[in-house]
Amino acid sequence: MWFGIVSLFPEMFEAVTGYGITGRAVRSGLLEVECWNPRDFTLDRHRTVDDRPYGGGPGMLMKVQPLRDAIQAAKLKAPGQARVIYLSPQGRRLDQAGVSELATADSLILVAGRYEGIDERLLDTDIDEEWSLGDFVLSGGELPAMVMVDAVSRMLPGVLGHEDSAAEDSFAAGLLDCPHYTRPETLDEKQVPAVLLGGNHADIKRWRLKQQLGRTWQRRPDLLEKIELSPEQQALLSEYIREAE
Ligand SMILES: Nc1nonc1C(=O)NCC1CCCCC1
């Protein structure tokens with residue numbers, strides 16, 4: 001999958017292209033990330049990328065012409081039909097369902113805002129969709145863009161080896177993840193649950209699903225509202241709730 005990034009700080013994206021699962025995906029060619037910096041599209045001596053807001057007030061906006069030209073350059077390079085996305089708190093809240101949807105695109109162009117943002121008219125003419133990571137304000141759209149690259153890349157065939165996909169399975173099922181344990185068996189007098197030491201894979205699978213259901217019920221009942229539990233899952237959850245009382 002191809003990502004076009006429009007950002008004043010393209011070097012930040014080394015965090016996803018150079019490390020871990022996404023870094024491996026780039027090296028293997030499963031993931032491509034190409035950056036365009038509006039500063040490279042400036043026409044003035046000072047390479048100005050910000051501009052004053054009409055109506056006054058504090059802060060600046062991203063200057064329209066360099067930003068527009070950078071987005072246009074990315075669109076020309078994008079394979080297939082690119083969805084152009086602007087990251088901001090005003091956007092659609094990203095969740096795993098949204099990640100799955102975005103992973104079906106031929107290519108995504110992610111526009112990372114800086115200063116106080118971009119001219120509203122660009123959201124109608126150059127941007128297709130606005131997405132948000134959550135109700136908080138960051139200094140720029142680069143970190144949200146990197147989160148989107150990471151989350152979407154994990155959905156691409158071949159990116160996750162089977163060893164990475166545990167968390168995938170639970171959240172894909174709409175549940176929180178189960179607890180995980182590794183050596184030592186006793187840590188500060190706390191034991192690893194015996195079922196995990198017993199080697200009975202059916203029991204371990206059952207215990208993990210029960211923990212996913214129970215933790216989701218305890219911490220995020222809103223997620224449970226969204227899913228239809230099978231009779232087996234309902235029985236497991238009831239067992240968890242009985243044991244929790
Ligand atoms: N929250 C968020 N989710 O996605 N983006 C977010 C954000 O806080 N972005 C900050 C940007 C927004 C444009 C102007 C410069 C600051």
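Just follow the structure's listing: the first ligand is 1, and inside any ligand the first atom is 1.
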Filter the ligand 1-protein atom pairs down to N or O on both sides and distance under 3.5 Å, then list them.
from	atom 1	to	atom 2	distance (Å)
ligand 1	1 (N)	Gly134	O	3.1
ligand 1	1 (N)	Phe136	O	2.8
ligand 1	3 (N)	Leu133	N	2.8
ligand 1	4 (O)	Ser88	N	3.4
ligand 1	5 (N)	Ser88	N	3.4
ligand 1	8 (O)	Phe136	O	3.3
ligand 1	8 (O)	Leu138	N	2.8

Exercise. Do any pairs count as a salt bridge (charged side-chain N to carboxylate O under 4.0 Å, His left out) and have a residue in residues 131-140, sequence neighbours left out, and if so which ones?
Worked result: none
Problem set entry | salt bridge (charged side-chain N to carboxylate O under 4.0 Å, His left out): pairs with one or both residues in residues 104-116, sequence neighbours excluded |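 The answer is Arg114-Glu142.
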For this session: Please state whether the rings of Tyr181 and Trp207 are parallel, tilted or perpendicular, taking 30° and 60° as the class boundaries.
Result: tilted
Exercise. Residues sharing Leu43's hydrophobic cluster, by side-chain heavy-atom contacts under 4.5 Å among ILVMFWY, directly or via others?
Worked result: none
Exercise. Got a donor-acceptor contact below 3.5 angstrom from the Thr42 side chain to the Asp44 backbone?
Worked result: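 Here the side-chain-to-backbone pair does not exist.
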For this session: Ignoring hydrogens and angles, state whether a donor on the side chain of Glu34 or Trp36 is under 3.5 Å from an acceptor on the partner side chain.
Result: no
